[in-house]
Amino acid sequence: DTGVSQDPRHKITKRGQNVTFRCDPISEHNRLYWYRQTLGQGPEFLTYFQNEAQLEKSRLLSDRFSAERPKGSFSTLEIQRTEQGDSAMYLCASSPDSILNTGELFFGEGSRLTVL
Amino acid sequence: GNSVTQMEGPVTLSEEAFLTINCTYTATGYPSLFWYVQYPGEGLQLLLKATKADDKGSNKGFEATYRKETTSFHLEKGSVQVSDSAVYFCALSVPMDSNYQLIWGAGTKLIIKP
């Protein structure tokens with residue numbers, strides 16, 4: 001399967017713990033995005049990488065959130081000292097860096113976080 | 001600013017009924033328009049897209065036409081199936097610096113009853 005993959009699919013944690021999510025984008029895609037989605041809402045943009053460079057971060061991304069893409073391939077999103085309000089689906093998406101790119105994103109299946 | 005407004009759900013239909021989910025937008029410049037679908041427990045998938053005015057996107061029996069004069073991109077299907085039950089998101093993208101800004105609607109839940 002050559003789609004975007006995310007791990008883990010589900011994570012249940014206690015408030016105050018740290019969690020890390022991993023995303024493997026489609027191999028030839030230079031751009032990688034993290035979104036957050038809560039029930040009944042559309043995706044909210046968190047951050048964006050072009051290769052290994054983090055080029056944009058949303059104001060939603062508090063100091064407890066950090067994302068990396070060290071070699072321009074897979075990415076990790078870490079949430080420190082989790083709070084109940086962090087409970088959401090965390091979506092990763094990728095897209096090619098091409099003049100033909102019209103903003104279409106290819107999404108993974110998401111990582112659902114539940115903070116107790 | 002840029003925004004997307006789509007009809008609130010849930011929309012409940014019987015199998016083989018005609019479907020319309022309305023989507024209107026405001027945008028500067030010339031956006032591309034998308035419909036994404038999210039089946040229960042899954043991530044978002046692109047359903048169809050249109051990149052310029054009067055383009056018609058189509059896939060799996062769904063269609064949507066990019067109407068610049070009415071700033072709309074309504075999703076239609078002539079005969080829905082139970083397997084079409086999902087949440088549908090309308091979205092637009094506009095170029096911004098070296099990237100694209102994606103603006104999402106709130107989603108419309110579709111329930112198809114047998």
Side-chain angles (χ1 to χ4, degrees), chain A residues 1 3-10 21 23-26 29-51 53-58 60 88-112 114, chain B residues 2-11 21 23 25 27 29-53 55 57 59 66 73 86-111:
Chain A
D1 182 45
V4 178
S5 63
Q6 293 187 244
D7 183 71
R9 294 289 309 279
H10 304 276
F21 301 114
C23 171
D24 287 88
I26 294 172
H29 285 182
N30 293 336
R31 302 181 186 203
L32 186 147
Y33 304 78
W34 285 99
Y35 284 84
R36 180 171 66 189
Q37 187 182 24
T38 53
L39 201 61
Q41 300 297 317
E44 298 172 299
F45 171 77
L46 293 179
T47 189
Y48 151 67
F49 291 85
Q50 183 156 343
N51 300 312
Q54 189 174 18
L55 297 186
E56 195 176 339
K57 288 171 63 173
S58 164
L60 293 175
M89 177 80 87
Y90 290 85
L91 298 170
C92 179
S94 68
S95 72
D97 183 17
S98 164
I99 196 169
L100 298 177
N101 182 20
T102 55
E104 175 184 349
L105 297 183
F106 297 79
F107 282 87
E109 294 188 326
S111 293
R112 182 170 294 284
T114 301
Chain B
N2 302 314
S3 67
V4 175
T5 304
Q6 57 182 111
M7 65 191 290
E8 288 189 22
V11 173
I21 300 178
C23 172
Y25 68 91
Y30 302 93
S32 294
L33 300 173
F34 305 87
W35 277 101
Y36 281 82
V37 60
Q38 188 170 33
Y39 297 103
E42 298 185 13
L44 289 143
Q45 304 173 24
L46 179 68
L47 180 60
L48 54 84
K49 67 178 182 181
T51 58
K52 60 183 187 296
D55 268 3
N59 186 26
Y66 189 146
F73 193 54
V87 181
Y88 293 80
F89 292 91
C90 185
L92 68 83
S93 74
V94 289
M96 179 171 288
D97 299 326
S98 63
N99 191 18
Y100 289 83
Q101 181 184 27
L102 259 182
I103 310 296
W104 296 85
T108 302
K109 185 173 184 178
L110 176 64
I111 301 169

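Here is the naming used below: chain letters follow the sequence lines, and residue numbers restart at 1 for every chain.
Taking 4.5 Å as the limit, every side-chain heavy atom of B/E42 sits out of range of all side-chain heavy atoms of A/F107. A/E104 has its side chain within reach of B/Y36: a pair of non-hydrogen atoms, C-beta onward, lies under 4.5 Å apart. Side-chain contact check for B/W104 versus A/Y35: some heavy-atom pair is nearer than 4.5 Å.
Within a 6.0 Å sphere centred on OH of B/Y39, heavy atoms belonging to other residues, nucleotides or ligands number more than 12.
When heavy atoms are compared at a cutoff of 4.5 Å, A/Q37 approaches chain B solely by way of its side chain, counted from C-beta outward. Of the two parts of A/L55, only the side chain, counted from C-beta on, holds a non-hydrogen atom closer than 4.5 Å to a non-hydrogen atom of chain B. Heavy-atom distances place the side chain of A/R31, and not its backbone, under 4.5 Å from chain B. Contacts between B/Q45 and chain A at a heavy-atom distance below 4.5 Å are absent for every atom of the residue. In this structure, chain B has no heavy atom under 4.5 Å from any part of A/E44.
Every residue meeting the side chain to side chain contact (heavy atoms under 4.5 Å, CB included) condition with B/T51, not counting sequence neighbours, appears here in chain and number order: A/T102, B/S32, B/D55. B/Y66 is linked by a ring pair (Phe, Tyr, Trp, His ring centres under 6.0 Å) to nothing, counting only residues two or more places apart in sequence or in another chain.
In this structure, CG in B/L44 is found 13.0 Å from CZ in A/F106, a value given to the nearest 0.5 Å.
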(request) Evaluate the criterion side chain to side chain contact (heavy atoms under 4.5 Å, CB included) for residue pair A/Y33 and B/L102; output intermediate values, then yes/no. (result) CA-CA 11 Å; A/Y33 304 78; B/L102 259 182; over 6 Å; no

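Between chain B and the options A/G110, A/G40, A/P43, A/A93, the largest number of non-hydrogen pairs under 4.5 Å is found for A/P43.
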